[in-house]
Amino acid sequence: MKYVCLGYYDKAKFDGMTESERNAMFDRCFEYDDHLRANGHWGGGEALQGPETALTLSWKNGKVATTDGPYAETKEQLGGILVLEARDMNHAVDLMTQHPALTYGNVFEIRPVGEMNEVVKASEQRRRQKVTR
Amino acid sequence: MSPPVPEQLSRSVETLYRSESGCVLATLVRLLGDLDLAEESMHEAFAAALESWPRTGIPDKPRPWLISTARFKAIDAMRRRARFDGAQRDLVTHMESRVNDASLEDEEIEDDRLRLIFTCCHPALSPEGQVALTLREICGLTTEEIARAFLVTPATLAQRIVRAKVRIREASIPYEVPAPQELPERLDAVLQVIYLVFNEGYSAAAGAQVMRAELTGEAIRLGRLLTELQPEPEGPEPEVMGLLALMLLQDSRRAARTSRAGELILLENQDRSLWNREQIAEGVALVEKALNSHRFGPYTLQAAIAAVHAEAESTAATDWRQIVALYNQLMRIQPSPVVHLNRAVAIAMCDGPEAGLTQIDGVFEHGGLANYYLAHSARADMYRRLGRTAEALASYEKALALTQQEPERQFLQARIRQLK
């Protein structure tokens with residue numbers, strides 16, 4: 001099963017780290033990511049640029065509104081996502097429990113991916129019917 | 001990226017996971033002395049299987065392959081940790097020698113599973129933690145499957161398992177079969193967990209949740225495993241046989257217990273030709289063996305009662321006197337209100353509803369069953385048979401207010417409609 005792990009970090013704390021502290025953290029985290037890859041647990045993942053680079057879209061008064069910055073202004077910001085291949089939720093928990101990022105104060109939210117196959121199939125059928133009508 | 005795994009192979013590996021993961025895990029726990037590390041390396045061994053078996057084919061003996069692959073993975077994991085934590089280096093050396101010298105005999109592996117059951121059912125863990133851990137670590141069910149069966153979210157169930165594992169670590173709960181002097185009490189705890197798993201599946205077997213019916217199967221599997229705890233000539237503890245017999249006999253009625261529409265069918269109305277004769281024969285043989293030991297307890301007595309039902313051709317042909325006698329014995333060793341209630345129902349079958357009602361009133365006077373829907377439902381049934389409709393209706397209504405199980409509710413509602 002696939003689990004999406006949303007990694008949150010404290011930007012102020014991160015900005016306050018020295019370069020060598022940051023490098024040490026990256027080395028440990030990437031080493032663990034390699035371990036996940038080597039064992040078939042890595043379903044993909046990306047680090048995100050800082051929250052100040054975000055552009056947020058929404059629908060307001062019948063048109064698209066754009067705002068600078070992230071959707072949620074919180075102390076902990078989304079720093080990256082990791083897609084995990086695991087047997088079940090507890091397996092995902094065990095794998096992420098060992099992720100070195102945790103020891104640097106980062107937080108992971110683990111969510112099972114939604115099973116959308118049936119929903120997609122039903123939707124395709126509805127759309128086909130619309131076309132033939 | 002490795003090439004995609006052929007579907008047939010990935011299905012075989014999944015089947016293998018179901019049958020082997022419990023054994024593989026338990027042996028790894030013995031070798032590594034650490035549940036988390038054992039689990040991690042087992043998952044990696046299965047992942048390695050998916051990667052290499054498309055090329056090499058499935059080995060003749062997958063279990064030793066998985067165990068030995070997993071132990072290399074475990075040593076790798078320990079080495080990896082040691083790179084960041086010098087204190088682990090000595091441990092790795094120690095573990096390597098221990099892991100390499102360990103025995104992989106089949107017999108030893110069966111013992112490993114038993115050791116792990118006692119750990120999973122340790123009284124220091126919460127009851128729900130014991131159940132969840134047993135189903136996941138011994139039966140190989142996933143967090144999601146167990147969560148579905150117990151109608152909780154996967155996140156809730158995952159936490160139960162995480163907490164139970166933390167507790168095992170913090171309380172240094174050993175991975176071992178308890179010493180003989182401790183065994184009866186600890187065995188009791190294991191039997192309780194197994195029966196809880198069984199009842200969870202059995203009481204809801206009529207629901208739409210197929211998974212819940214699977215729980216009864218898992219419980220029977222665990223019961224069988226426990227009978228292997230003490231080999232012949234002494235053989236298993238009588239209560240171990242008693243519990244297995246009880247589960248087999250109750251489960252033998254599964255096909256007859258519900259209608260196609262999912263409605264509950266009472267024992268008296270069941271089509272007895274649908275009962276599973278093979279399971280009944282096995283259950284009856286186990287009951288007889290347990291009774292002959294003269295050291296039996298409540299599970300054996302309940303199984304004996306179930307056996308009397310199983311061997312009767314109809315409700316009328318049932319030896320109710322013997323059932324009352326068995327309940328009398330059960331009352332002496334386990335005088336619970338529920339046993340008292342069941343005895344009252346059996347007395348009603350022998351001596352009529354009036355006698356049963358007197359008994360049930362006695363149970364209510366002792367207190368304890370006021371919130372138990374079956375007590376109200378049984379009382380309602382006595383009133384109904386005595387023609388005391390108003391009192392019957394009131395009791396059915398009370399029972400209805402006390403149960404959330406859909407088949408039971410439908411049954412009670414039907415009874416109420418009939419009386420109105």
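Chain letters run A, B, ... following the sequence lines, proteins first and then strands; every chain starts at 1.
- Judged by the 6.0 Å and 45° rule, A:Arg111 forms no cation-pi pair with A:Tyr3.
- The minimum heavy-atom distance between B:Arg18 and B:Gly140, with the atom names listed, is NE-O, 4.0 Å.
- Look at B:Glu176 and B:Arg115 and you find no salt bridge, because none of the NZ, NE, NH1 or NH2 atoms lies under 4.0 Å from a carboxylate O.
- With a 4.5 Å cut-off on non-hydrogen atoms, B:Ala155 touches chain A through its backbone and its side chain both.
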Donor-acceptor pairs are to be reported for all side-chain atoms of residues 45-54 of chain A against protein atoms at under 3.5 Å, with residues two or more places apart or in another chain.
residue: A:Thr53; atom: OG1; partner: A:Gly50; partner atom: O; Å: 2.5

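- Pairs of residues two or more places apart, or lying in two chains, that qualify as side-chain hydrogen bond (donor to acceptor under 3.5 Å, both in side chains) and include a residue from residues 83-93 of chain A are A:Lys2-A:Glu85, A:Arg87-B:Glu14, A:Arg87-B:Tyr17, A:Asp88-B:Arg136, A:Asp88-B:Thr143, A:Asn90-B:Thr143.
- Residue pairs satisfying the side-chain hydrogen bond (donor to acceptor under 3.5 Å, both in side chains) criterion with at least one member in residues 94-108 of chain A, sequence neighbours excluded, are listed as follows: A:Asp33-A:His99, A:Asp94-B:Lys165, A:Gln98-B:Glu40, A:Gln98-B:Arg81.
- Using a 30° and 60° split on the angle between ring planes, A:Tyr32 and A:His35 fall in the tilted class, from 30° to 60°.
- Counting heavy-atom pairs under 4.5 Å between each of A:Val93, A:Ile110, A:Asn39, A:Leu95 and chain B puts A:Asn39 at the top.
- Identified by a heavy-atom distance below 4.5 Å to chain A, contributing residues of residues 122-134 of chain B are lacking entirely.
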